[in-house]
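These notes are about the structure you will find just below.
A note on names: the letters A, B, ... follow the listed sequences, proteins ahead of strands, and every chain is numbered from 1.
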Amino acid sequence: MAIKDLPDTECVLPGSAACPGCPATMGLRIVFKALGKNTIMVVPACCTAVIESLHPHTSFDIPVMNIAFEAAAAGASGVEAALRQQGKEDTTVVAWAGDGGTYDIGIQALSGALERQTNFIYICYNNQIYSNTGIQRSGATPYGAWTTTTVDGKTEFRKEMGEIIQAHHIPYSAQACVSYPEDLYNKLKKAKGIKGPKYIEIMAPCPPGWRFSMEKTVDMGILAVETGAWALYEFENDKMTFNGKSKLILEKKIERKPIEEWIKYQGRFRHLFKPEKDVKKLKAIEEHTDQMWERYRACYL
Amino acid sequence: MKKYNVVTTISYPKKGAMGKTGSWRIFRPILDKAKCVKCLRCWIYCPEATIIRNKDDTVSIDYEYCKGCGICANVCKVKAITMEREVKKK
(Lines give C-alpha, C1' and ligand atoms only; values in the text may rest on other atoms or scores of the structure.)
Protein backbone atom coordinates (compact mmCIF):
# COMPACT_ATOMS: atom_id res chain seq x y z
CA MET A 1 0.00 0.00 0.00
CA ALA A 2 1.52 3.27 -1.16
CA ILE A 3 0.26 6.78 -0.50
CA LYS A 4 -0.94 6.97 -4.13
CA ASP A 5 -3.35 4.06 -3.55
CA LEU A 6 -5.19 5.71 -0.66
CA PRO A 7 -8.71 6.77 -1.68
CA ASP A 8 -9.79 10.35 -2.34
CA THR A 9 -12.68 10.23 0.16
CA GLU A 10 -12.55 13.34 2.31
CA CYS A 11 -14.86 13.57 5.33
CA VAL A 12 -12.94 16.20 7.29
CA LEU A 13 -13.96 19.44 5.61
CA PRO A 14 -11.44 22.32 5.49
CA GLY A 15 -12.07 25.24 7.83
CA SER A 16 -12.44 23.30 11.09
CA ALA A 17 -11.55 24.59 14.55
CA ALA A 18 -8.39 22.46 14.88
CA CYS A 19 -5.06 24.09 15.76
CA PRO A 20 -2.62 24.37 12.84
CA GLY A 21 -0.59 21.16 12.66
CA CYS A 22 -3.20 19.11 14.54
CA PRO A 23 -2.50 15.35 14.59
CA ALA A 24 -6.16 14.52 15.36
CA THR A 25 -7.49 15.77 12.02
CA MET A 26 -4.51 14.15 10.31
CA GLY A 27 -5.51 10.83 11.86
CA LEU A 28 -9.23 11.37 11.24
CA ARG A 29 -8.64 11.88 7.52
CA ILE A 30 -6.96 8.47 7.30
CA VAL A 31 -9.69 6.88 9.45
CA PHE A 32 -12.44 8.14 7.13
CA LYS A 33 -10.44 7.13 4.06
CA ALA A 34 -10.20 3.59 5.41
CA LEU A 35 -13.73 3.20 6.79
CA GLY A 36 -15.62 5.12 4.12
CA LYS A 37 -18.81 7.16 4.41
CA ASN A 38 -20.96 4.38 5.84
CA THR A 39 -19.68 5.06 9.35
CA ILE A 40 -21.17 6.43 12.55
CA MET A 41 -18.78 8.01 14.99
CA VAL A 42 -19.22 8.54 18.72
CA VAL A 43 -17.09 11.31 20.21
CA PRO A 44 -16.82 12.02 23.95
CA ALA A 45 -15.40 15.23 25.39
CA CYS A 46 -11.99 15.61 23.75
CA CYS A 47 -10.29 17.90 21.24
CA THR A 48 -12.39 16.40 18.46
CA ALA A 49 -15.58 17.68 20.09
CA VAL A 50 -14.12 21.16 19.52
CA ILE A 51 -12.69 20.43 16.07
CA GLU A 52 -16.24 19.63 14.91
CA SER A 53 -16.81 23.41 15.15
CA LEU A 54 -19.86 25.36 16.26
CA HIS A 55 -23.59 24.77 15.89
CA PRO A 56 -25.32 24.96 13.36
CA HIS A 57 -22.34 23.80 11.29
CA THR A 58 -19.94 20.88 11.59
CA SER A 59 -16.72 19.98 9.79
CA PHE A 60 -17.32 16.23 9.66
CA ASP A 61 -19.22 14.86 6.70
CA ILE A 62 -20.46 11.71 8.49
CA PRO A 63 -22.97 11.20 11.35
CA VAL A 64 -21.31 12.01 14.69
CA MET A 65 -22.80 11.70 18.16
CA ASN A 66 -21.31 13.72 20.99
CA ILE A 67 -21.53 12.13 24.39
CA ALA A 68 -20.28 12.58 27.96
CA PHE A 69 -16.59 12.01 28.77
CA GLU A 70 -16.86 8.53 30.30
CA ALA A 71 -19.43 7.14 27.88
CA ALA A 72 -17.77 6.79 24.44
CA ALA A 73 -17.78 2.99 24.41
CA ALA A 74 -21.20 2.76 26.10
CA GLY A 75 -22.68 5.15 23.51
CA ALA A 76 -21.11 3.18 20.68
CA SER A 77 -22.61 -0.03 22.14
CA GLY A 78 -26.04 1.60 22.03
CA VAL A 79 -25.60 2.77 18.43
CA GLU A 80 -24.40 -0.69 17.40
CA ALA A 81 -27.39 -2.37 19.11
CA ALA A 82 -29.83 0.01 17.39
CA LEU A 83 -28.25 -0.64 13.97
CA ARG A 84 -28.37 -4.39 14.58
CA GLN A 85 -32.07 -4.10 15.45
CA GLN A 86 -32.70 -2.25 12.17
CA GLY A 87 -30.72 -4.79 10.18
CA LYS A 88 -28.09 -2.24 9.10
CA GLU A 89 -25.12 -4.40 9.96
CA ASP A 90 -22.86 -3.07 7.19
CA THR A 91 -22.50 0.27 8.97
CA THR A 92 -19.25 0.65 10.91
CA VAL A 93 -19.52 2.07 14.42
CA VAL A 94 -16.47 3.93 15.65
CA ALA A 95 -15.77 5.42 19.05
CA TRP A 96 -13.09 8.09 18.75
CA ALA A 97 -11.72 9.28 22.08
CA GLY A 98 -8.61 10.95 23.40
CA ASP A 99 -6.24 9.41 25.91
CA GLY A 100 -8.04 11.06 28.84
CA GLY A 101 -11.33 9.52 27.72
CA THR A 102 -9.63 6.13 27.31
CA TYR A 103 -6.89 5.72 29.92
CA ASP A 104 -8.61 7.46 32.82
CA ILE A 105 -12.24 8.43 32.51
CA GLY A 106 -13.57 6.07 29.84
CA ILE A 107 -11.83 2.86 30.89
CA GLN A 108 -14.76 1.19 32.64
CA ALA A 109 -17.18 1.80 29.74
CA LEU A 110 -14.50 0.59 27.32
CA SER A 111 -13.75 -2.52 29.35
CA GLY A 112 -17.48 -3.26 29.54
CA ALA A 113 -17.98 -2.89 25.79
CA LEU A 114 -15.00 -5.14 25.05
CA GLU A 115 -16.29 -7.76 27.46
CA ARG A 116 -19.76 -7.68 25.85
CA GLN A 117 -18.12 -8.36 22.46
CA THR A 118 -19.73 -5.25 20.94
CA ASN A 119 -19.06 -5.13 17.19
CA PHE A 120 -17.30 -1.75 16.96
CA ILE A 121 -13.92 -0.09 16.54
CA TYR A 122 -12.59 1.91 19.47
CA ILE A 123 -9.93 4.39 18.42
CA CYS A 124 -7.89 6.25 21.00
CA TYR A 125 -5.77 9.09 19.69
CA ASN A 126 -3.12 9.44 22.29
CA ASN A 127 -1.53 12.86 22.71
CA GLN A 128 -0.46 12.02 26.26
CA ILE A 129 -2.32 14.92 27.91
CA TYR A 130 -5.77 16.43 28.40
CA SER A 131 -5.06 19.02 25.70
CA ASN A 132 -8.65 20.18 25.18
CA THR A 133 -9.03 21.45 28.75
CA GLY A 134 -5.59 23.08 28.86
CA ILE A 135 -2.80 20.50 29.09
CA GLN A 136 -3.37 18.57 32.32
CA ARG A 137 -1.61 15.31 33.15
CA SER A 138 -3.29 12.05 32.16
CA GLY A 139 -2.51 8.37 32.68
CA ALA A 140 -0.69 8.44 29.33
CA THR A 141 1.67 11.32 30.18
CA PRO A 142 5.27 10.03 30.22
CA TYR A 143 7.66 10.36 33.15
CA GLY A 144 9.27 13.78 33.52
CA ALA A 145 6.89 15.63 31.21
CA TRP A 146 5.69 19.09 32.14
CA THR A 147 1.94 19.75 32.21
CA THR A 148 -0.05 22.49 33.93
CA THR A 149 -0.72 20.09 36.83
CA THR A 150 2.81 18.63 37.00
CA VAL A 151 4.93 21.76 36.82
CA ASP A 152 8.16 20.01 37.88
CA GLY A 153 7.59 17.10 35.56
CA LYS A 154 5.44 14.04 36.11
CA THR A 155 6.81 11.72 38.78
CA GLU A 156 5.12 8.52 37.57
CA PHE A 157 5.51 6.48 34.39
CA ARG A 158 2.65 6.12 31.93
CA LYS A 159 0.50 3.01 32.02
CA GLU A 160 0.41 0.50 29.16
CA MET A 161 -3.14 0.70 27.85
CA GLY A 162 -2.29 -1.70 25.02
CA GLU A 163 -1.54 -4.46 27.50
CA ILE A 164 -4.72 -3.76 29.50
CA ILE A 165 -6.68 -4.14 26.26
CA GLN A 166 -4.83 -7.37 25.40
CA ALA A 167 -5.99 -8.83 28.71
CA HIS A 168 -9.55 -8.69 27.32
CA HIS A 169 -8.47 -11.08 24.52
CA ILE A 170 -10.47 -9.27 21.86
CA PRO A 171 -10.11 -10.26 18.17
CA TYR A 172 -7.97 -7.29 17.18
CA SER A 173 -6.01 -4.52 18.85
CA ALA A 174 -3.22 -2.41 17.40
CA GLN A 175 -0.95 0.55 17.99
CA ALA A 176 -0.28 2.99 15.16
CA CYS A 177 1.06 6.49 14.64
CA VAL A 178 -0.16 9.44 12.52
CA SER A 179 3.28 9.66 10.92
CA TYR A 180 2.80 6.28 9.24
CA PRO A 181 -0.46 6.72 7.29
CA GLU A 182 -0.16 3.55 5.20
CA ASP A 183 0.37 1.43 8.32
CA LEU A 184 -2.60 3.11 10.03
CA TYR A 185 -4.75 2.65 6.91
CA ASN A 186 -3.95 -1.06 6.71
CA LYS A 187 -4.75 -1.57 10.39
CA LEU A 188 -8.10 0.19 10.04
CA LYS A 189 -8.97 -1.79 6.91
CA LYS A 190 -8.16 -5.00 8.75
CA ALA A 191 -10.19 -3.93 11.81
CA LYS A 192 -13.17 -3.09 9.58
CA GLY A 193 -13.21 -6.64 8.22
CA ILE A 194 -13.24 -8.32 11.64
CA LYS A 195 -16.42 -8.92 13.66
CA GLY A 196 -16.30 -8.11 17.35
CA PRO A 197 -14.59 -5.43 19.40
CA LYS A 198 -11.48 -3.80 17.90
CA TYR A 199 -9.14 -1.36 19.57
CA ILE A 200 -6.64 0.90 17.79
CA GLU A 201 -4.45 3.40 19.53
CA ILE A 202 -2.87 6.20 17.50
CA MET A 203 0.12 8.19 18.71
CA ALA A 204 -0.69 11.87 18.07
CA PRO A 205 2.06 14.39 18.86
CA CYS A 206 0.30 17.61 19.91
CA PRO A 207 2.20 20.84 19.06
CA PRO A 208 0.67 23.16 21.74
CA GLY A 209 0.60 20.44 24.41
CA TRP A 210 4.10 19.10 23.87
CA ARG A 211 5.49 22.57 23.16
CA PHE A 212 7.09 22.02 19.76
CA SER A 213 6.59 24.05 16.60
CA MET A 214 3.59 23.11 14.51
CA GLU A 215 5.39 21.92 11.36
CA LYS A 216 7.16 19.16 13.35
CA THR A 217 4.10 16.95 14.06
CA VAL A 218 5.12 14.24 11.58
CA ASP A 219 8.79 14.30 12.68
CA MET A 220 7.80 13.88 16.34
CA GLY A 221 5.71 10.81 15.50
CA ILE A 222 8.54 9.26 13.49
CA LEU A 223 11.02 9.93 16.31
CA ALA A 224 8.64 8.46 18.90
CA VAL A 225 8.74 5.19 16.97
CA GLU A 226 12.46 5.29 16.14
CA THR A 227 13.46 5.98 19.76
CA GLY A 228 11.24 3.15 20.97
CA ALA A 229 9.00 5.40 23.07
CA TRP A 230 6.09 4.10 21.01
CA ALA A 231 5.74 0.66 19.42
CA LEU A 232 3.78 -0.17 16.28
CA TYR A 233 2.13 -3.55 16.65
CA GLU A 234 -0.95 -5.63 15.96
CA PHE A 235 -2.42 -8.12 18.42
CA GLU A 236 -4.67 -10.45 16.47
CA ASN A 237 -6.29 -13.50 18.06
CA ASP A 238 -3.67 -13.51 20.84
CA LYS A 239 -0.82 -13.36 18.32
CA MET A 240 1.51 -10.37 18.44
CA THR A 241 3.09 -8.90 15.28
CA PHE A 242 5.31 -5.84 15.32
CA ASN A 243 5.32 -3.56 12.26
CA GLY A 244 7.83 -1.32 10.51
CA LYS A 245 10.68 0.13 12.53
CA SER A 246 9.35 -1.41 15.76
CA LYS A 247 9.81 -4.87 14.28
CA LEU A 248 13.46 -4.11 13.49
CA ILE A 249 14.00 -2.75 17.00
CA LEU A 250 12.37 -5.82 18.55
CA GLU A 251 14.55 -8.18 16.51
CA LYS A 252 17.61 -6.02 17.31
CA LYS A 253 18.24 -5.49 13.58
CA ILE A 254 18.55 -1.78 14.28
CA GLU A 255 19.49 -0.06 17.50
CA ARG A 256 16.76 2.22 18.82
CA LYS A 257 17.79 5.87 18.98
CA PRO A 258 18.41 7.31 22.46
CA ILE A 259 15.20 8.74 23.92
CA GLU A 260 16.95 12.12 24.23
CA GLU A 261 16.71 12.51 20.42
CA TRP A 262 12.94 12.65 20.78
CA ILE A 263 12.47 14.71 23.94
CA LYS A 264 15.03 17.43 23.26
CA TYR A 265 12.70 18.97 20.67
CA GLN A 266 9.81 19.15 23.11
CA GLY A 267 9.32 22.13 25.41
CA ARG A 268 7.55 19.94 27.96
CA PHE A 269 10.91 18.28 28.73
CA ARG A 270 12.92 21.51 28.72
CA HIS A 271 13.49 21.44 32.48
CA LEU A 272 15.51 18.25 31.97
CA PHE A 273 18.04 20.16 29.81
CA LYS A 274 17.99 23.71 31.21
CA PRO A 275 19.59 25.22 33.21
CA GLU A 276 21.59 22.00 33.47
CA LYS A 277 21.08 18.49 32.24
CA ASP A 278 19.13 16.30 34.66
CA VAL A 279 21.12 13.10 34.02
CA LYS A 280 19.26 11.11 36.67
CA LYS A 281 15.81 11.63 35.18
CA LEU A 282 17.02 11.12 31.60
CA LYS A 283 18.61 7.85 32.67
CA ALA A 284 15.37 6.80 34.40
CA ILE A 285 13.41 7.39 31.16
CA GLU A 286 16.01 5.49 29.13
CA GLU A 287 16.00 2.54 31.54
CA HIS A 288 12.21 2.42 31.58
CA THR A 289 12.12 2.24 27.77
CA ASP A 290 14.77 -0.51 27.81
CA GLN A 291 12.69 -2.46 30.31
CA MET A 292 9.62 -2.13 28.10
CA TRP A 293 11.50 -3.53 25.08
CA GLU A 294 13.05 -6.33 27.13
CA ARG A 295 9.54 -7.29 28.24
CA TYR A 296 8.35 -7.26 24.61
CA ARG A 297 11.30 -9.44 23.59
CA ALA A 298 10.71 -11.88 26.44
CA CYS A 299 7.01 -12.18 25.62
CA TYR A 300 6.80 -11.99 21.84
CA LEU A 301 10.12 -12.92 20.24
CA MET B 1 -29.07 18.85 2.01
CA LYS B 2 -31.53 16.63 3.86
CA LYS B 3 -32.73 18.20 7.09
CA TYR B 4 -33.87 15.95 9.92
CA ASN B 5 -36.91 16.71 12.03
CA VAL B 6 -35.82 15.37 15.43
CA VAL B 7 -35.93 16.94 18.88
CA THR B 8 -32.21 17.42 19.47
CA THR B 9 -29.48 19.78 18.39
CA ILE B 10 -28.08 18.81 15.00
CA SER B 11 -25.22 20.49 13.17
CA TYR B 12 -24.95 20.06 9.41
CA PRO B 13 -21.67 19.63 7.52
CA LYS B 14 -20.31 22.74 5.87
CA LYS B 15 -16.96 23.68 4.40
CA GLY B 16 -15.47 26.43 6.52
CA ALA B 17 -17.55 25.85 9.64
CA MET B 18 -15.22 28.17 11.56
CA GLY B 19 -15.06 30.74 8.77
CA LYS B 20 -12.17 31.40 6.42
CA THR B 21 -9.38 29.84 8.46
CA GLY B 22 -6.83 31.03 5.89
CA SER B 23 -6.76 34.28 7.86
CA TRP B 24 -4.94 32.44 10.71
CA ARG B 25 -1.92 32.03 8.47
CA ILE B 26 1.42 33.74 9.08
CA PHE B 27 3.49 31.72 6.61
CA ARG B 28 2.14 30.80 3.20
CA PRO B 29 3.09 27.55 1.43
CA ILE B 30 4.28 28.16 -2.12
CA LEU B 31 4.36 25.14 -4.44
CA ASP B 32 6.99 24.90 -7.17
CA LYS B 33 5.23 22.68 -9.72
CA ALA B 34 8.47 22.05 -11.65
CA LYS B 35 10.09 20.40 -8.61
CA CYS B 36 7.05 18.32 -7.58
CA VAL B 37 7.49 14.55 -8.07
CA LYS B 38 3.83 13.70 -7.27
CA CYS B 39 4.67 11.63 -4.19
CA LEU B 40 1.53 13.04 -2.47
CA ARG B 41 3.18 13.16 0.94
CA CYS B 42 1.90 16.72 1.46
CA TRP B 43 -1.63 15.60 0.54
CA ILE B 44 -1.76 12.73 3.01
CA TYR B 45 -0.12 14.61 5.90
CA CYS B 46 -2.04 17.91 5.55
CA PRO B 47 -4.14 18.12 8.76
CA GLU B 48 -6.65 20.50 7.18
CA ALA B 49 -7.27 18.69 3.85
CA THR B 50 -6.36 21.92 2.08
CA ILE B 51 -3.89 20.24 -0.26
CA ILE B 52 -6.11 19.19 -3.15
CA ARG B 53 -5.19 16.08 -5.08
CA ASN B 54 -5.90 16.52 -8.79
CA LYS B 55 -6.77 13.74 -11.23
CA ASP B 56 -3.18 13.44 -12.51
CA ASP B 57 -1.78 13.31 -8.91
CA THR B 58 -0.49 16.87 -9.05
CA VAL B 59 -1.50 18.96 -6.04
CA SER B 60 -2.86 22.44 -5.55
CA ILE B 61 -3.32 24.42 -2.34
CA ASP B 62 -6.59 25.84 -1.02
CA TYR B 63 -5.42 29.18 0.38
CA GLU B 64 -8.88 30.09 1.61
CA TYR B 65 -8.64 27.53 4.45
CA CYS B 66 -4.89 26.70 4.74
CA LYS B 67 -3.81 27.54 8.30
CA GLY B 68 -0.13 27.72 7.35
CA CYS B 69 1.21 25.08 9.74
CA GLY B 70 4.06 24.19 7.36
CA ILE B 71 3.77 20.42 7.63
CA CYS B 72 3.58 20.13 3.81
CA ALA B 73 6.88 22.02 3.39
CA ASN B 74 8.46 19.93 6.15
CA VAL B 75 7.48 16.51 4.76
CA CYS B 76 8.34 17.37 1.13
CA LYS B 77 11.44 15.34 0.22
CA VAL B 78 12.34 17.45 -2.84
CA LYS B 79 11.67 20.84 -1.20
CA ALA B 80 9.03 21.76 -3.75
CA ILE B 81 7.01 23.64 -1.10
CA THR B 82 8.52 26.64 0.65
CA MET B 83 6.98 28.79 3.36
CA GLU B 84 6.92 32.52 2.72
CA ARG B 85 5.77 35.22 5.07
CA GLU B 86 2.33 36.63 4.34
CA VAL B 87 2.23 40.25 3.25
CA LYS B 88 -0.67 42.51 4.16
CA LYS B 89 -3.03 43.24 1.30
CA LYS B 90 -3.78 46.90 0.68
Side-chain angles (χ1 to χ4, degrees), chain A residues 2-30 32-33 37 50-66 178-182 184-185 204-207 213-222, chain B residues 1-4 6 8-29 37-59 61-77 81-83:
Chain A
I3 292 174
K4 273 190 199 319
D5 305 325
L6 299 182
D8 279 334
T9 332
E10 210 67 79
C11 293
V12 179
L13 304 175
S16 69
C19 306
C22 179
T25 43
M26 206 188 271
L28 272 170
R29 285 185 62 215
I30 318 271
F32 294 144
K33 277 181 203 305
K37 277 217 160 188
V50 176
I51 293 166
E52 283 165 24
S53 314
L54 300 175
H55 179 74
H57 305 303
T58 168
S59 293
F60 295 165
D61 202 4
I62 58 152
V64 175
M65 180 170 82
N66 288 104
V178 286
S179 308
Y180 298 91
E182 301 103 314
L184 174 58
Y185 181 85
C206 169
S213 72
M214 56 194 174
E215 75 273 11
K216 293 261 186 288
T217 307
V218 175
D219 295 0
M220 283 299 129
I222 289 175
Chain B
M1 190 189 301
K2 191 182 166 190
K3 297 274 174 184
Y4 296 89
V6 284
T8 183
T9 315
I10 296 186
S11 300
Y12 292 93
K14 185 189 173 229
K15 202 174 176 184
M18 288 302 280
K20 302 261 187 284
T21 49
S23 63
W24 299 11
R25 198 168 54 229
I26 298 168
F27 289 94
R28 183 188 184 86
V37 293
K38 302 180 186 176
C39 70
L40 293 172
R41 277 170 69 84
C42 52
W43 167 74
I44 199 71
Y45 284 122
C46 176
E48 242 349 83
T50 48
I51 305 257
I52 300 154
R53 179 185 180 176
N54 300 325
K55 280 271 177 297
D56 57 345
D57 280 352
T58 55
V59 291
I61 302 166
D62 184 353
Y63 288 113
E64 215 164 300
Y65 297 109
C66 169
K67 290 171 182 166
C69 63
I71 284 180
C72 48
N74 206 38
V75 297
C76 185
K77 298 257 180 184
I81 301 176
T82 45
M83 300 303 285

Is any side-chain heavy atom of [Y] closer than 4.5 Å to one of [X]?
X        : Y        : value
A:Val218 : B:Asn74  : no
B:Cys46  : A:Arg29  : yes
B:Tyr45  : A:Thr217 : no

Which portion of A:Ile62 sits near chain B, non-hydrogen atoms under 4.5 angstrom: neither
Roughly how far, to the nearest 0.5 Å, is the [atom2] atom of [Y] from the [atom1] atom of [X]?
X       : Y       : atom1 : atom2 : result
B:Glu48 : A:Thr25 : CD    : OG1   : 5.5 Å
A:Ile3  : B:Leu40 : CD1   : CG    : 7.0 Å
B:Met18 : A:Ser16 : CE    : OG    : 8.5 Å
A:Asp8  : B:Ile52 : CG    : CD1   : 11.5 Å

Could you check which of A:Pro56, A:Pro23, A:Pro207 has the highest count of heavy-atom pairs closer than 4.5 Å to chain B? A:Pro56
Select, from A:Leu28, A:Thr58, A:Leu13, A:Leu54, the one with the greatest count of heavy-atom pairs under 4.5 Å involving chain B. A:Thr58
B:Ser23 meets the side-chain contact (heavy atoms from CB on, under 4.5 Å) criterion, sequence neighbours left out, with none
Can you list the residues that meet the side-chain contact (heavy atoms from CB on, under 4.5 Å) rule with B:Ala17, with sequence neighbours excluded? A:Ser53, A:His57, A:Ser59
Ignoring hydrogens, what is the shortest heavy-atom contact between B:Pro47 and A:Gly21? Give both atom names and the distance. CG-CA, 3.9 Å
